[in-house]
Amino acid sequence: MDIVKELWDNGVLGGMFSTLITCFGQLSAMNSQKFSAVVDVLKATQNNDAIVHDTAFQRSGDGGVFIRRTMLFMGFFMLGVCPLIFAFWQDIPIAVESAIQSGGWFWGLFPEREKLAIAYVNGFYLSEIWKDLMANLISAYIGAGIARRAFSLGK
């Protein structure tokens with residue numbers, strides 16, 4: 001206890017605390033300076049991304065809108081309208097091809113075999129491909145809308 005009192009009276013302890021506080025202050029200033037530099041770089045990068053995006057749209061236009069909307073309409077027609085239309089004609093013969101895969105174990109030591117089978121059904125068959133297409137088109141439209149909104153907000 002006498003050593004702490006002696007150090008305090010001589011000013012050594014106060015000098016150590018003030019040095020420590022000064023170091024923390026300088027580190028904080030450097031950290032905030034680095035943070036502001038990073039924010040400036042991010043702003044410049046976002047601005048450049050928006051310029052490149054706008055330039056690409058000016059160069060190519062958006063001619064794919066018709067194709068994308070046609071694909072979306074076709075997917076909706078297959079999933080939403082065709083089952084209602086073909087519900088009245090239940091005797092339409094449809095051949096459905098399926099593939100059954102087997103083998104392919106031990107990195108090709110046992111070769112993979114594929115057996116094709118054809119099943120004949122009456123009625124309307126809705127394959128998984130159309131469901132996947134519709135899900136992908138919906139997610140593409142939502143993603144494009146989000147990207148368009150993000151670029152417009154970033155300006």
Members sharing Ile100's hydrophobic cluster, built from side-chain contacts under 4.5 Å between Ile, Leu, Val, Met, Phe, Trp and Tyr, are none

May I ask you to test the Asn122-Pro93 pair for a side-chain heavy-atom distance under 4.5 Å? yes

Across all chains, not counting sequence neighbours, the side-chain contact (heavy atoms from CB on, under 4.5 Å) partners of Thr70 are Phe66, Met74

So salt bridge (charged side-chain N to carboxylate O under 4.0 Å, His left out) across residues 118-130, not counting sequence neighbours, yields Glu128-Lys131

**Asked** Side chains of Lys43 and Val39: does their closest heavy-atom pair fall under 4.5 Å?
**Response** yes

Taken in chain and number order and not counting sequence neighbours, the residues that satisfy side chain to side chain donor-acceptor pair (under 3.5 Å) with Glu97 are none

Value for OG1 (Thr45) from CG (Asp40), rounded to nearest 0.5 Å, stands at 10.5 Å

Sequence neighbours excluded, the answer for side chain to side chain donor-acceptor pair (under 3.5 Å) partners of Glu114 is Gln101

Contacts of Ala95 meeting side-chain contact (heavy atoms from CB on, under 4.5 Å) (sequence neighbours excluded), chain-then-number -> Ile118, Tyr120

